[in-house]
Undergrad: 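Could you have a look at this structure, given as structure tokens, before my questions?
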Amino acid sequence: MLQISCWNVNSVKIRADSVKKLLQQYSPDFLLLQELKCEENVFPFEVFEDLNYNISLKCQKSYNGVAILSKHIIDEIKYDFPNNPCSDEARFIEVASQTALGYCRVICVYVPNGGISKERYDVKLEFLKALKEYLVSIANNDEFLIIGGDFNVAPEELDVHDATSLMDEVCFTPPERRAMRAILNNNLVDLFRIKNPNLKQFTWWDYRAGAYQKNQGMRIDFLLSNYKLLKYFDSFNVAHNFRSNDRPSDHVPIFASFSLNAL
DNA sequence: ATGGTCGCCATGCGA
């Protein structure tokens, strides 16, 4: 049994108790967090200290920030990938550990939103392209590989509430969708979609305009695996009830479980 | 077409 969870928390300090509850309730082997929004010296280590997770961080003041919390001993750690156009921002962390299934490489990524300006939009496309090149280079290695994160792209019409009205909106423009599909078409599998081919299920709803109440969201958070790990894929869960919490993140946690019995 | 809400940390900016 191997379970991986992924959540854009939109401030780990505000959401620390909620993160702790997730760890206690689900006990994932790995928890991938995005948008920590704090520096390492104010990360709420004390909230998690009795839970026996190894915490790997890439932090940045006020913005971005990614973490991987692991039950397993961290054997390798990387803080960047080749040709990342946002190397000065905290958007990527990678670890590798021995697990019950075997040696497993885990990547946590926070793709730029790209909605601020044309320049940032172009940087987003470059980021996705460089990330794809990196993932292609490692996907067929003889080890398990899982990538999770907030990709800020909804690749298909089924991944948004209203494809017609969103066609020119950032996160759903054709170039972004092509860049995302290029990642999904290169030896990696969109674990939610392979399990739910026709299900309209979102992972993010805007705080504004009652978007959650109207279920006007997008599926922009993903867990992807290589084919070596896909063989053991068991189940996928979107914890959409987290969006009803007091002071929710605008994203909800997602979970993928793998088991030797899945074969 | 506009503005709606959060979280950063003290003000507008990013999402």
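Quick note on labels: first sequence line is chain A, next is B, and so on, each numbered from 1. Keep in mind it's a predicted model, so treat the numbers as computed, not measured.
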Undergrad: For A:R120, answer base if it contacts any base atom (sugar-phosphate contacts may also be present), sugar-phosphate if it contacts only those atoms, and nothing otherwise; contact means non-hydrogen atoms under 4.0 Å.
TA: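 Touches nothing.
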
Undergrad: Which nucleotide wins on minimum distance to the side chain of A:A209, given the candidates B:dG3, B:dG7, B:dG14?
TA: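 Nearest to the side chain of A:A209 among the choices is B:dG3.
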
Undergrad: Can you work out whether A:Y110 or A:R208 has the more 5'-proximal nearest nucleotide on DNA chain B?
TA: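 This one resolves to A:R208.
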
Undergrad: Provide the Watson-Crick or G-U wobble partner of B:dA10, both distances under 3.5 Å; none if there is no partner.
TA: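 Here B:dA10 is not engaged in any pair, so there is no nucleotide opposite it.
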
Undergrad: Nearest heavy atom decides the nucleotide; on that basis, is A:N10 or A:E35 closer to the 5' end of DNA chain B?
TA: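 First, find each residue's nearest nucleotide; the 5'-ward one identifies A:N10.
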
Undergrad: Between A:F92 and A:F127, does the ring centre distance come in under 6.0 Å?
TA: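 No - the distance between ring centres of A:F92 and A:F127 does not fall below the 6.0 Å cut-off.
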
Undergrad: Measure the distance from CE on A:M218 to P on B:dA15 and round it to the nearest whole Å.
TA: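 For the pair A:M218 CE and B:dA15 P, the rounded distance is 15 Å.
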
Undergrad: CD1/A:I147 to CG/A:L131 distance, rounded to the nearest 0.5 angstrom?
TA: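 The CD1 atom of A:I147 sits 7.5 Å away from the CG atom of A:L131.
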
Undergrad: Considering every strand shown, what is the Watson-Crick or G-U wobble mate of B:dA15 when both distances are under 3.5 Å?
TA: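 Across all strands, the one nucleotide that pairs with B:dA15 is B:dT5.
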
Undergrad: Quick one: which of A:K58, A:Q34, A:E35 gives a side chain to side chain donor-acceptor pair (under 3.5 Å) with A:Y110?
TA: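 Answer after filtering A:K58, A:Q34, A:E35: A:E35.
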
Undergrad: Please state how far atom CZ in A:F242 lies from atom P in B:dC6, giving the value in whole angstrom units.
TA: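 It is 19 Å, rounded to the nearest whole Å.
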
Undergrad: Can you check the A:F43 CZ to B:dC8 P distance for me, whole Å?
TA: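 About 14 Å, once rounded to whole Å.
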
Undergrad: Atom OH of A:Y212 to atom C1' of B:dG4: distance rounded to whole Å?
TA: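 Going from OH in A:Y212 over to C1' in B:dG4 covers 19 Å.
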
Undergrad: Roughly, in whole Å, what's the span from CD in A:Q60 to C1' in B:dG7?
TA: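 So the CD-C1' distance, A:Q60 to B:dG7, works out to 15 Å.
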
Undergrad: Check for me whether the distance between the ring centres of A:F255 and A:F236 falls short of 6.0 Å.
TA: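 No.
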
Undergrad: Distance check, C1' atoms only: B:dG12 and B:dA1, in whole angstrom units.
TA: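 Those two atoms are separated by 23 Å.
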
Undergrad: Which nucleotide in the set B:dA15, B:dC8, B:dT5 lies at the smallest distance from any side-chain heavy atom of A:Y207?
TA: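 Among the listed nucleotides, the one closest to the side chain of A:Y207 is B:dT5.
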
Undergrad: Between P on B:dC6 and CG on A:N8, what's the gap in Å once rounded to a whole number?
TA: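 Those two atoms, CG and P, are 16 Å apart.
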
Undergrad: Please pick, from B:dC8, B:dA15, B:dG7, the nucleotide with the shortest atom-to-atom distance to any side-chain atom of A:S62.
TA: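 Shortest atom-to-atom distance from the side chain points to B:dC8.
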
Undergrad: Working to the nearest 0.5 Å, report the span between CD1 of A:I107 and CD1 of A:I146.
TA: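 Spacing of CD1 (A:I107) from CD1 (A:I146) equals 10.5 Å.
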
Undergrad: When the P atoms of B:dG3 and B:dG7 are compared, how many Å lie between them, rounded to an integer?
TA: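 Those two atoms are separated by 22 Å.
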
Undergrad: Can you measure A:H251 atom NE2 to B:dG14 atom P for me and round it to whole angstrom units?
TA: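 Those two atoms, NE2 and P, are 17 Å apart.
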
Undergrad: Could you give the distance separating B:dG4 and B:dC9 at their C1' atoms, to the nearest angstrom?
TA: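 The answer is 22 Å between these two C1' atoms.
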
Undergrad: Expressed as a whole number of Å, how far does the P atom of B:dT2 sit from that of B:dC6?
TA: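 Nearest-Å result for B:dT2 against B:dC6 at atom P: 23 Å.
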
Undergrad: CH2 of A:W204 versus C1' of B:dC6: gap in Å, rounded?
TA: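 About 12 Å, once rounded to whole Å.
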
